[in-house]
Amino acid sequence: MKLRFLPDIGGAYCFVIFIIMVLFAGQRALRDGDTLWHIKFGTLILEQKELVTKDFYSHTVYGQSWTSHEWLAEVIMGAIHNVGGIPGVVIFYFLIAALSYWMLFQIAAQVGAKEWLSILVVSIAVTLTISHLLARPHIFTWLLGLITLYILHKGGRRLFLLPLLMIPWANLHGGFALGLTLQGLFIVGNIAEDLSATGIYEWRRAIARQKTPAIVLFLSLAAACINPFGYKLLLFPFQVSSGSFSHLISEWMSPNLQAFWEFRLYLLLIVFLLFFGASSVSWTYRFLLLFLINAALVHSRHMSIAGIFLTPFLVQALLPFQQRLASFRKHEIIKQLTLSKVSGPLSTTLLCIFLVLGINQWPDLKKAANALIALPDKFSREAVEYLSKDTPAGNMFNYDEMGDYLIYAMDPPPKLFADGRLDMYGQKIVEDYAKIVTLEEEADELLASYEIDWVLYPPGPLIRYLEARGWRETYRDDQAVILLRTSEVAP
């Protein structure tokens, strides 16, 4: 029976999950302030027709060079923001996420999953990505990485598409390093598969058979250098994941497995499958399992990457169970329908375009979008309004995420101590920031050394401490307090 206009299971899943995200995950996607400065930088690039390569928002590193490694994603965000505002940007990223889940269905089918197994493993991936479902450029890595994985499974001449894919990816997000890693692991995994079949003495032939993938990997590496920063961009992902950043930035810390219970259960599932289904797993995915689980246990932000890219591992490990279940089905009860593989993602894309373009065209849609996709309360609009009318003089110490909001909402904002671009500020300033907010012994000395005249920070221990030291309150709401240094405060 042919109903080619109706979406298949993967397409329907894509459409439904997109609607669910728009209706229920809008504010959650904005809980990280980085979205705001990304939008601002994108609009600046569009207006000035040049990249933002130096800092002009802070008083701590003013004029310092800045590696705007996600400039292309920021341009896209700025362009969409000009049309649909913040809700439009969030809806666009929900589309990219929904298309990523659709790609997972295609890959699961490649590996051999039936529809019910595809739904199961993709739903597991969705559960593991919820914690990192943010309107930020890393969502591009989900989709582009899965396209890379799909092409690697196809093999053949299609592999030469990978260097072309790497050019935009390297300008969208630092996750392009994952694409290079996937290619390398497929080469190593295929060699291991050959050796396990032919024996160690055939290693020369096994390596020779990977000549084309090796050439593609080299071309992909060269393609990644086609960016405004050249080969230096290849080192950037390693710089931001090392040193103090991995200890002070929450998403770069090791995951708390009590809080991330879903990832803990996921690890238990993997252990179970390794006991009962490991023989059906290819060497490629055994290597990928080791790489991604290690990455996720070191940096919590990689839990979502592990959840997505280990989906084929789950399929391979569950294939024996799928075959046993299939053996109980003696007869086909319902005739298979011939459904469309593209109508689902196409309908989802058209719906996204309609919503983004319609936000500023129809008042009712704009009202609904602003209600569903609103900035969290921690970004105090009232504090920004106050500062717009009466900005204190001198250097400010601020909550870093509030710095992101000031960059977005004020033109120009007061000079910041720090914002979400912590990689630019460097290890010393990031560590000093942490010492101040955690009230270590050097806190007063550091505030004096940076010549801090006023503080913008949420109510809490730091504010109470400074008030006890003689700092004077000039503004307060539930999300932000402004304190001024007085003559009573020791220099």
Side-chain angles (χ1 to χ4, degrees), residues 51 67-76 96 99-100 103-104 106-107 110-111 137-194 206-242 282-292 294-295 299 301-302 304-306 308-313:
L51 298 185
T67 304
S68 184
H69 65 290
E70 297 165 333
W71 70 271
L72 183 55
E74 291 163 0
V75 167
I76 295 171
I96 302 300
L99 293 177
S100 300
M103 279 301 306
L104 269 182
Q106 313 314 307
I107 294 170
Q110 275 185 325
V111 181
H138 71 276
I139 303 295
F140 283 109
T141 285
W142 294 7
L143 180 58
L144 295 176
L146 287 170
I147 294 173
T148 297
L149 197 59
Y150 183 84
I151 293 173
L152 287 169
H153 277 286
K154 284 288 187 180
R157 294 183 178 180
R158 294 182 182 86
L159 293 177
F160 287 96
L161 295 173
L162 295 178
L164 298 177
L165 186 67
M166 189 60 61
I167 297 173
W169 193 356
N171 292 279
L172 287 166
H173 184 249
F176 70 89
L178 175 64
L180 299 173
T181 301
L182 288 173
Q183 292 187 46
L185 288 175
F186 262 72
I187 292 173
V188 175
N190 288 336
I191 291 174
E193 290 289 338
D194 281 351
I207 294 175
R209 278 192 282 269
Q210 299 306 309
K211 179 181 178 180
T212 297
I215 292 173
V216 170
L217 176 56
F218 175 79
L219 293 175
S220 297
L221 191 64
C225 297
I226 303 176
N227 66 81
F229 310 98
Y231 72 92
K232 295 180 181 178
L233 192 66
L234 298 176
L235 304 176
F236 190 82
F238 303 99
Q239 294 170 351
V240 299
S241 62
S242 62
S282 68
W283 277 102
T284 297
Y285 281 102
R286 295 181 194 185
F287 291 139
L288 190 60
L289 174 69
L290 294 175
F291 174 78
L292 290 179
N294 175 72
H299 304 302
R301 63 178 287 150
H302 292 144
S304 60
I305 295 295
I308 291 172
F309 290 91
L310 287 180
T311 297
F313 164 85

Exercise for the section: Please test Arg209 against Asp194 for side chain to side chain contact (heavy atoms under 4.5 Å, CB included), starting from the C-alpha separation and ending with a verdict. Expected result: CA-CA 9 Å; Arg209 278 192 282 269; Asp194 281 351; 3.0 Å; yes
For the [atom1] atom of [X] and the [atom2] atom of [Y], what is their distance to the nearest 0.5 Å?
X: His138; Y: Glu70; atom1: NE2; atom2: CD; result: 10.0 Å
X: Leu72; Y: Ile167; atom1: CG; atom2: CD1; result: 12.0 Å
X: Phe140; Y: Ile96; atom1: CZ; atom2: CD1; result: 5.0 Å
X: Leu146; Y: Thr311; atom1: CG; atom2: OG1; result: 7.5 Å
X: Ser100; Y: Ile147; atom1: OG; atom2: CD1; result: 8.0 Å
X: Leu172; Y: Trp71; atom1: CG; atom2: CH2; result: 8.5 Å

Do [X] and [Y] have side chains that get closer than 4.5 Å, going by heavy atoms?
X: Leu143; Y: Met103; answer: yes
X: Thr181; Y: Phe291; answer: yes
X: Leu99; Y: Trp142; answer: no
X: His302; Y: Leu292; answer: no

Practice task
Please identify each residue that fulfils side chain to side chain donor-acceptor pair (under 3.5 Å) with Gln183, with sequence neighbours left out.
Solution key: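 Checked Gln183 against side chain to side chain donor-acceptor pair (under 3.5 Å); matches are Ser220.
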Handout entry: Donor-acceptor side-chain pairing of Thr148 and Trp169 below 3.5 angstrom
Key =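 Their side chains do not contain a donor-acceptor pair, so the 3.5 Å distance test is not met.
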Exercise for the section: Before giving the answer on side chain to side chain contact (heavy atoms under 4.5 Å, CB included), spell out for Phe309 and Leu178 the whole-Å C-alpha distance, their side-chain angles and the decisive distance to 0.1 Å. Expected result: CA-CA 10 Å; Phe309 290 91; Leu178 175 64; 3.6 Å; yes
Exercise for the section: Please report the C-alpha distance between Trp283 and Ile191 in whole Å, then the side-chain angles of each, then the deciding distance to 0.1 Å, and finally whether the side chain to side chain contact (heavy atoms under 4.5 Å, CB included) criterion is met. Expected result: CA-CA 9 Å; Trp283 277 102; Ile191 291 174; over 6 Å; no
Compile the donor-acceptor pairs under 3.5 Å between side chains in residues 221-229 and protein atoms, sequence neighbours left out, one pair per line.
residue : atom : partner : partner atom : Å
Asn227  : OD1  : Phe229  : N            : 2.7
Asn227  : OD1  : Gly230  : N            : 2.8
Asn227  : ND2  : Ala224  : O            : 2.7
Asn227  : ND2  : Cys225  : O            : 3.4
Asn227  : ND2  : Gly230  : O            : 3.2

Problem - Leu290 backbone acceptor or donor facing Asn294 side chain under 3.5 Å - result: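 No, the answer is negative, given that no donor and acceptor are paired below the 3.5 Å cut-off.
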Practice task
Indicate yes or no for a side-chain donor-acceptor contact from His173 to the backbone of Gly175 under 3.5 Å, with no hydrogens or angles considered.
Solution key: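 At least one qualifying donor-acceptor pair exists.
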Problem - Stepwise side chain to side chain contact (heavy atoms under 4.5 Å, CB included) test for Thr284 and Val188 - result: CA-CA 7 Å; Thr284 297; Val188 175; over 6 Å; no
Would you be so kind as to tabulate the donor-acceptor pairs closer than 3.5 Å made by side chains of residues 149-166, with sequence neighbours excluded?
residue : atom : partner : partner atom : Å
His153  : NE2  : Tyr285  : OH           : 2.6

